[in-house]
Amino acid sequence: MRSASEPSVSEPQLRLRSLDGLRGVAAAIVLLHHLSMTIPAVSNGYDSASELDVFSPAWWLVETPLKVFVAGPEFVLVFFVLSGFVLALAPLKAREDLDAAALRSGRGGLAGLRSRSYDWFAYYPRRVLRLGVPVVASMVLAFFVITLFPHPSKGSDGSWLTRQAHPDTSFHNLWTETLLIVDPNHPSVNPPLWSLTWEMWFSLLLPLAVLIALFSRRVPVLWAMLFIAVSVYGYLAGIEAAMFLPAFALGALMGANADRIRDLVARWQGSRVLTFVFAGILVGGPLLSICYWFVRPIAGTTGDGVAMAMRVPGALLLVAAVAFWPAAGRIFAARPFATLGKVSFSLYLVHSPIVVLFGLNFTGSRWALGAGLAIITSFALAIVMYVLVERPSRRLAGWVGRRVSGAIGAVTRPITVAAELDEHRSRLDRERVLVS
């Protein structure tokens, strides 16, 4: 029970905290995934089902439901859906407020849109800096970890550690990895940055995603099926843009229909049907995401691609359960998950070179010690990154966004005012004609 002195949390705040908690869980699972890949039997079995002995420890971690606890690539798709959902909310809300104001005042049109719409001039520098500054810091950290500490590599390290042991630290590669969208190849100095490439692309394409989400409100289920079909095609054809961008689009589509979903949930609130449905979604989403690992031993190439593409709807279901089912929302908004969510972005950025370092230096019987040290070091560096880089970068991004918006607004304001005056004169002229 909440104490009298403890401030109450509004429903929107609780919802955002629960989504932050889910983001924290996803980041922790990515960390556990990379730790599991430092076990040679797991990493080799990850590459090929023929490398796994049934009922071996590696088999339990790769081809059973326990995979959900180390399902790193699958939970990266959760990040994508979350970003699509959260980033689209603000411009969608601005559009709703604009439409409501236009209805109240009787003034629609371009001038009203210019003066009341979402501030895209502030959004772009804010978003680029919000992502870019921590990425630069993580690349600096990764470079020093790689160059200053020993990275012994042996043939028995397993396929994943062998690939990570000797990244390309040339200036050209460091530069292209840091810029995210310049080089489409997966990064080697800080491998998790591959997902930030698609985060950045979606951030740049957000206006288009919002327009599509608004347009798709009439038949959201059909649009959701279309986005999922595009992702299936992407996995079958090996086109990464088609694999990943639909996950963001699905998140934006869910944001555009959030009020409808909440109204539907409110009508069934307290019923057993709602509990069973959302419990099934909460459990079924992650299981759908990892279904590829169950069918891999028996499916062909096409079946593998379709099963792997189920990561996208699986991530959507998980995010929907946490966002709209109050019971799940309260769980993920609890303090441990909320605290984990605060440092989730920093944890995601810093952990990989640390896991590789300890994985290469603590092999065989010393693996558990190395894994423990990697977890402690990763969380310590994540906290430092959050305090010294991520949190200040948010303030910097907000300040720069306001500055850029103000500067552009000073230039465009006379044009906007002139357009509004012209519209006002035209309206008065039409009223005079009607009166006469």
Side-chain angles (χ1 to χ4, degrees), residues 23 26-40 42-47 62 70-80 83 131-132 134-149 151-153 157-202 238 240-241 243-244 247 308 311 343-361 370-371 374-375 377-379 381-382 385 389:
R23 188 179 285 108
I29 288 176
V30 173
L31 168 61
L32 292 177
H33 164 70
H34 286 143
L35 282 172
S36 73
M37 296 294 278
T38 62
I39 303 173
V42 172
S43 64
N44 294 338
Y46 186 90
D47 293 339
V62 175
V70 291
E74 291 79 6
F75 273 80
V76 169
L77 272 294
V78 172
F79 290 140
F80 291 172
S83 291
L131 294 176
V135 165
V136 171
S138 73
M139 284 294 291
V140 172
L141 172 66
F143 174 77
F144 280 111
V145 169
I146 292 167
T147 56
L148 295 182
F149 296 97
H151 281 63
S153 179
D157 290 329
S159 59
W160 186 78
L161 271 178
T162 300
R163 290 193 298 268
Q164 308 300 321
H166 302 291
D168 181 3
T169 56
S170 66
F171 176 79
H172 176 267
N173 188 63
L174 292 171
W175 173 252
T176 54
E177 285 193 24
T178 304
L179 289 181
L180 297 179
I181 61 174
V182 173
D183 188 352
N185 295 322
H186 284 192
S188 62
V189 173
N190 194 4
L193 291 188
W194 74 266
S195 68
L196 271 295
T197 296
W198 299 108
E199 287 273 359
M200 185 65 79
W201 274 115
F202 175 76
E240 290 193 347
M243 293 180 195
F244 305 128
M308 192 171 288
R311 297 171 174 180
V343 299
S344 59
F345 185 44
S346 294
L347 178 64
Y348 184 77
L349 289 177
V350 305
H351 78 274
S352 182
I354 303 302
V355 169
V356 172
L357 174 66
F358 283 101
L360 289 170
N361 285 278
I375 292 173
T377 306
S378 294
F379 273 99
L381 287 174
M385 169 80 87
V389 178

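Taking the side chain as every heavy atom from C-beta outward, V76 and Y348 approach each other to under 4.5 Å. Side-chain contact between L193 and S138 is present, with at least one heavy-atom pair separated by less than 4.5 Å. Residues F143 and P353 fail the side-chain proximity criterion, which asks for heavy atoms closer than 4.5 Å. Between F358 and L35 the shortest side-chain heavy-atom distance does not fall below 4.5 Å. Side-chain contact check for N190 versus P192: some heavy-atom pair is nearer than 4.5 Å. Side chains of V135 and L180 form a contact here, defined as non-hydrogen atoms less than 4.5 Å apart. Taking the side chain as every heavy atom from C-beta outward, L161 and S153 never approach each other to under 4.5 Å.
A pairwise comparison of heavy atoms in P167 and I146 identifies CG-CD1, 3.5 Å as the closest pair. Nearest heavy atoms, A382 versus V350: N-CG2, 3.9 Å. Residues P73 and R311 approach most closely at CB-NH1, 3.8 Å, considering heavy atoms. Pairing each heavy atom of I29 with each of G72, the nearest pair is CG2-N, 4.2 Å. When all heavy atoms are compared, the tightest approach of S344 to A27 is O-CB, 3.7 Å. Scanning all heavy atoms of the two residues, the minimum distance from L31 to S378 falls at CD1-OG, 4.2 Å.
Aromatic ring centroids of H351 and H34 lie under 6.0 Å apart. W198 has its ring centre no less than 6.0 Å from the ring centre of F79. Here H33 and Y46 bring their ring centres to under 6.0 angstrom of each other.
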Taking it one step at a time, do L131 and F345 satisfy side chain to side chain contact (heavy atoms under 4.5 Å, CB included)? CA-CA 9 Å; L131 294 176; F345 185 44; 4.1 Å; yes
S43 and T38: CA distance, side-chain angles, deciding distance, side chain to side chain contact (heavy atoms under 4.5 Å, CB included) verdict: CA-CA 7 Å; S43 64; T38 62; over 6 Å; no
Give the C-alpha distance, both sets of side-chain angles, the deciding distance and a yes or no for side chain to side chain contact (heavy atoms under 4.5 Å, CB included) between S188 and N173. CA-CA 9 Å; S188 62; N173 188 63; 3.6 Å; yes
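Note that the CE atom of M37 and the CG atom of L32 stand 13.5 Å from one another [nearest 0.5 Å]. Put simply, CZ on F244 and CG on L77 are 6.5 Å apart, with the number rounded to the nearest 0.5 Å.
Put simply, the side chain of H151 gets close to the backbone of F149: a donor and an acceptor are under 3.5 Å apart. Formation of a donor-acceptor pair under 3.5 Å by the T377 side chain with backbone atoms of A374 is not found in this model.
Side-chain contact of H172 with E177: a donor-acceptor pair under 3.5 Å is absent, judged by distance alone.
Residue W201 places its CH2 atom among 12 or fewer non-hydrogen atoms of other residues, nucleotides or ligands, all under 6.0 Å distant.
For R163 and D157, the salt-bridge test fails: no basic side-chain N is under 4.0 Å from an acidic carboxylate O.
Note on ring orientation: taking the six-membered ring where Trp is involved, the planes of W194 and F80 are perpendicular (angle over 60°, cut-offs 30° and 60°).
Checked options L349, V145, I354; the residue passing with L381 is I354 (criterion: side-chain contact (heavy atoms from CB on, under 4.5 Å)).
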